[in-house]
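Data first, discussion second: the structure below is written as structure tokens.
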Amino acid sequence: DGGITQSPKYLFRKEGQNVTLSCEQNLNHDAMYWYRQDPGQGLRLIYYSQIVNDFQKGDIAEGYSVSREKKESFPLTVTSAQKNPTAFYLCASSRGQVGETQYFGPGTRLLVL
Amino acid sequence: GQQLNQSPQSMFIQEGEDVSMNCTSSSIFNTWLWYKQDPGEGPVLLIALYKAGELTSNGRLTAQFGITRKDSFLNISASIPSDVGIYFCAGPGSSNTGKLIFGQGTTLQVKP
């Protein structure tokens with residue numbers, strides 16, 4: 001089946017710890033995106049990548065890092081510099097053209113211990 | 001920058017009622033997308049609109065691309081409990097990329 005997978009579904013982070021959220025797609029999409037969603041809030045763009053080996057900061061990139069070494073994978077690292085990491089994280093992909101539909105993964109909920 | 005204003009923010013309705021929500025932009029859009037997010041899941045595309053004045057249906061859902069190209073509407077007829085969730089409108093960002101701008105969402109609750 002074609003789609004986007006995110007793992008894990010739930011993730012716990014200790015203070016001062018970096019954690020990495022996985023996002024994989026087999027839709028052959030060029031572009032991938034990471035969003036953060038807080039309770040009762042909309043989607044805020046963290047990072048996006050239009051093509052392999054290239055990525056751009058979104059609206060709230062501070063405290064996060066990404067890599068795009070493979071077309072199908074776009075992992076997000078939540079670093080210790082992100083002081084309020086508790087949120088629902090959504091990964092999406094698209095063909096990357098203007099106005100193209102983005103397809104979302106099931107999300108990862110990150111909680112701080 | 002571009003913004004999307006979605007209203008209402010939330011709705012609490014009785015099963016069987018019809019629902020209307022809308023989205024307005026400060027600038028012209030060439031595409032309007034409507035997504036639904038079930039609790040604890042990722043958003044799923046409901047309807048995509050590509051032409052001013054376009055009216056598109058998907059089952060009990062109907063969406064329209066406003067003639068001014070600055071707004072869009074989503075209607076749900078005869079609501080059922082599984083319609084519960086957050087509905088987002090989205091449109092292309094101003095840059096020449098695949099970025100989307102999302103509205104803040106309309107949270108729908110349906111009372112059986």
Side-chain angles (χ1 to χ4, degrees), chain A residues 3-10 21 23-25 27 29-51 54-61 74 87-111, chain B residues 1-10 23 25 27-52 54 56 58 63 65 69 72 85-109:
Chain A
I4 303 177
T5 57
Q6 290 185 242
S7 62
K9 184 69 174 174
Y10 297 94
L21 284 61
C23 178
E24 304 276 331
Q25 55 98 1
L27 299 168
H29 284 167
D30 286 316
M32 297 185 75
Y33 312 83
W34 274 106
Y35 294 91
R36 170 178 172 142
Q37 186 178 30
D38 293 287
Q41 302 293 317
L43 307 176
R44 292 188 289 170
L45 184 65
I46 305 172
Y47 268 98
Y48 67 101
S49 168
Q50 293 278 98
I51 199 167
D54 186 53
F55 49 83
Q56 307 294 330
K57 292 182 179 180
D59 301 318
I60 55 166
F74 191 39
F88 191 49
Y89 290 88
L90 288 160
C91 179
S93 72
S94 78
R95 293 189 296 180
Q97 304 304 312
V98 175
E100 283 280 340
T101 300
Q102 289 181 14
Y103 297 88
F104 286 84
T108 292
R109 188 165 299 280
L110 177 61
L111 299 165
Chain B
Q2 289 180 302
Q3 288 186 333
L4 290 182
N5 295 309
Q6 201 170 339
S7 66
Q9 277 192 319
S10 62
C23 198
S25 168
S27 56
I28 289 174
F29 276 9
N30 292 317
T31 302
W32 284 98
L33 305 171
W34 284 95
Y35 288 86
K36 183 197 176 193
Q37 184 180 28
D38 287 331
E41 300 294 331
V44 174
L45 181 71
L46 297 174
I47 294 177
L49 302 163
Y50 301 105
K51 189 176 177 182
E54 180 182 354
T56 298
N58 178 6
F65 194 139
R69 294 164 63 191
S72 181
I86 306 176
Y87 292 80
F88 291 103
C89 60
S94 56
S95 60
N96 189 28
T97 69
K99 287 170 59 178
L100 294 176
I101 298 174
F102 287 85
Q104 290 301 300
T106 294
T107 300
L108 177 64
Q109 298 184 58

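Within every chain, numbering begins at 1; the chains are lettered A, B, ... in the order of the sequence lines, protein sequences first and strands thereafter. Keep in mind it's a predicted model, so treat the numbers as computed, not measured.
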Original post:
Who among Ser10(B), Pro43(B), Gly40(B) has the most heavy-atom pairs with chain A under 4.5 Å?
Top reply: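 Result: the option with the highest number of such pairs is Pro43(B).
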Subject >> Residue Leu45(B) versus chain A: region with a heavy atom under 4.5 Å >> reply: side chain
**OP:** Let me know if Gln6(B) has heavy atoms under 4.5 Å from chain A in its side chain, its backbone, both or neither.
**Re:** neither
Original post:
Within the side chain of Glu100(A), is there an N or O that forms a donor-acceptor pair under 3.5 Å with the backbone of Gln97(A)?
Top reply: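 No; zero donor-acceptor contacts below 3.5 Å.
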Original post:
If only atom types and distance count, is the side chain of Lys9(A) paired as donor or acceptor with the main-chain N or O of Pro106(A) below 3.5 Å?
Top reply: yes
**OP:** With side-chain contact (heavy atoms from CB on, under 4.5 Å) as the test, would you mind laying out the steps for Leu90(A) and Gln37(B) before giving the verdict?
**Re:** CA-CA 11 Å; Leu90(A) 288 160; Gln37(B) 184 180 28; 3.8 Å; yes
Subject >> Among Thr101(A), Asp30(A), Leu45(A), residue most engaged with chain B (heavy-atom pairs, under 4.5 Å) >> reply: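 Looking at each option in turn, the highest pair count goes to Thr101(A).
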**OP:** Considering only heavy atoms and a distance below 4.5 Å, find which of Gln6(A), Arg44(A), Gln50(A), Arg109(A) pairs most often with chain B.
**Re:** Gln50(A)
**OP:** Select one option (side chain, backbone, both, neither) describing which atoms of Gln102(A) are under 4.5 Å from chain B's heavy atoms.
**Re:**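 Both the backbone and the side chain of Gln102(A) come within 4.5 Å of chain B.
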Subject >> Contact class of Gln37(A) relative to chain B, heavy atoms under 4.5 angstrom >> reply: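 Interface part for Gln37(A): side chain.
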Subject >> With sequence neighbours excluded, residues passing side-chain contact (heavy atoms from CB on, under 4.5 Å) with Gln9(B) >> reply: none
Original post:
Once the angle between the rings of Trp34(A) and Tyr89(A) is folded into 0 to 90°, is it parallel (under 30°), tilted (30 to 60°) or perpendicular (over 60°)?
Top reply: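 Ring orientation, 0 to 90° scale: perpendicular.
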Original post:
What is the ring orientation for Trp32(B) with Phe65(B), classed by angle as parallel under 30°, tilted 30 to 60°, or perpendicular over 60°?
Top reply: perpendicular
